[in-house]
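The structure appears below as structure tokens.
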Number of protein chains: 2
Amino acid sequence: MARKYDWRTGSNVEATLSVIGGRWKPVILCNLLVSRLRFGELCRNMPNATQRMITLQLRELEADGVIRRHVYAEVPPRVEYELTEFGRSLEPVLSVMREWGMAFKKRKLSEAVDNAPAS
Amino acid sequence: MARKYDWRTGSNVEATLSVIGGRWKPVILCNLLVSRLRFGELCRNMPNATQRMITLQLRELEADGVIRRHVYAEVPPRVEYELTEFGRSLEPVLSVMREWGMAFKKRKLSEAVDNAPAS
DNA sequence: CAGAATCCTCAGTGATACTG
DNA sequence: CAGTATCACTGAGGATTCTG
């Protein structure tokens, strides 16, 4: 299934994207940055993503050694996900993205206010 | 064309991705981070991307106010692209991605060496 | 609860050729 | 040189249902 990004042929940014470049991967990783989470919690934290998508992205992240999957032999079943050491190395990347996004939102919102009709 | 990412509904990372989340956008931006470039130079720097894709991604970046397009009334035509002030604010994001990608590549390559058959 | 299995769609992407 | 214009595809992503 020829991956979208290939770290061999691409530039350095593309190498990064070969790991975090999935629709929901950055979001998942930001969540796991805060704490280890179970599947259900993850889903509740990402209401815009479908269960299926979250599962798929988790599998890829696991295959890339970014996250680890803990299965507890209980009933009802419990599965938790956490960042690996390698995954934690992504922290600077993720937090700078989050920071910038926050500033961007603020900017956009203040723009909206400026353009708002005087009521 | 309902965009993939929406900064209104998504988390902070998603807000960032609403701007840089295109297949070739980070690559283009990294190039423009170094210097203002003309279209042809950009294409030569990104041999894996098609001309069409580069054009499209440039248009979106321009629409988002990330880059500026300079058209020179010459023959043959000359068009240059450069980051706007706003675009330059992405520098921390892009460089940390590049840094991480570089380290990642090194890691991968040394793994490959370790697994290489003794010749 | 944490998924697996199916089915389906379309938007992102590509290949190619043409042009002011 | 710096793009459009077409045509075509495929696979990422979604909706829904089923299950150990």
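In what follows, every chain begins at residue 1, and chains take the letters A, B, ... in the order their sequences are listed.
In the set C/dC1, D/dG13, C/dG14, C/dG14 carries the atom at the smallest distance from any side-chain atom of B/Met53. Checked against D/dA2, D/dG14, C/dG3, the side chain of A/Val79 finds its nearest nucleotide in C/dG3.
Rounded to a whole Å, the CD1 atom of A/Ile54 is 14 Å from the P atom of C/dC1. Between the NE2 atom of A/His70 and the P atom of C/dC1 there is a distance of 21 Å, given to the nearest Å. A straight line from CZ of A/Arg23 to P of C/dA11 spans 14 Å, rounded to a whole angstrom. Rounded to whole Å, atom C1' of C/dC1 lies 11 Å from atom CD of A/Glu74. Rounded to a whole Å, the OH atom of A/Tyr72 is 13 Å from the P atom of C/dG3. The distance from atom CG of A/Asp6 to atom P of C/dT13 is 16 Å, rounded to the nearest whole Å. Between A/Gln57 atom CD and D/dG11 atom C1' there is a gap of 13 Å when expressed in whole angstrom units.
Evaluation of the salt bridge (charged side-chain N to carboxylate O under 4.0 Å, His left out) rule for A/Arg98 yields no partner, not counting sequence neighbours. With sequence neighbours left out, A/Arg88 forms a salt bridge (charged side-chain N to carboxylate O under 4.0 Å, His left out) with A/Glu85.
Scanning residues 33-52 of chain A for heavy-atom distances under 4.0 Å to DNA chain D yields A/Thr50, A/Arg52.
Salt bridge A/Lys25/A/Glu60: present, at least one basic N to carboxylate O contact under 4.0 Å.
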Only pairs under 3.5 Å count here: list side-chain donor-acceptor contacts from residues 99-107 of chain A, not counting sequence neighbours, and write none if there are none.
unit_1	atom_1	unit_2	atom_2	d
A/Trp100	NE1	B/Ser89	O	3.2
A/Trp100	NE1	B/Ser89	OG	3.1
A/Lys105	NZ	B/Gly10	O	2.8
A/Arg107	NE	A/Glu111	OE2	3.4

Residues 39-53 of chain A side chain polar contacts: donor-acceptor under 3.5 Å, at least two apart:
unit_1	atom_1	unit_2	atom_2	d
A/Glu41	OE1	A/Arg38	N	2.8
A/Asn45	ND2	A/Asn31	OD1	3.0
A/Thr50	OG1	A/Met53	N	3.2

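Sorted by first and then second residue, the salt bridge (charged side-chain N to carboxylate O under 4.0 Å, His left out) pairs involving residues 11-22 of chain A (not counting sequence neighbours) are A/Glu14-B/Arg23.
B/Tyr81 comes within 4.0 angstrom of the backbone, heavy atoms only, and of no base.
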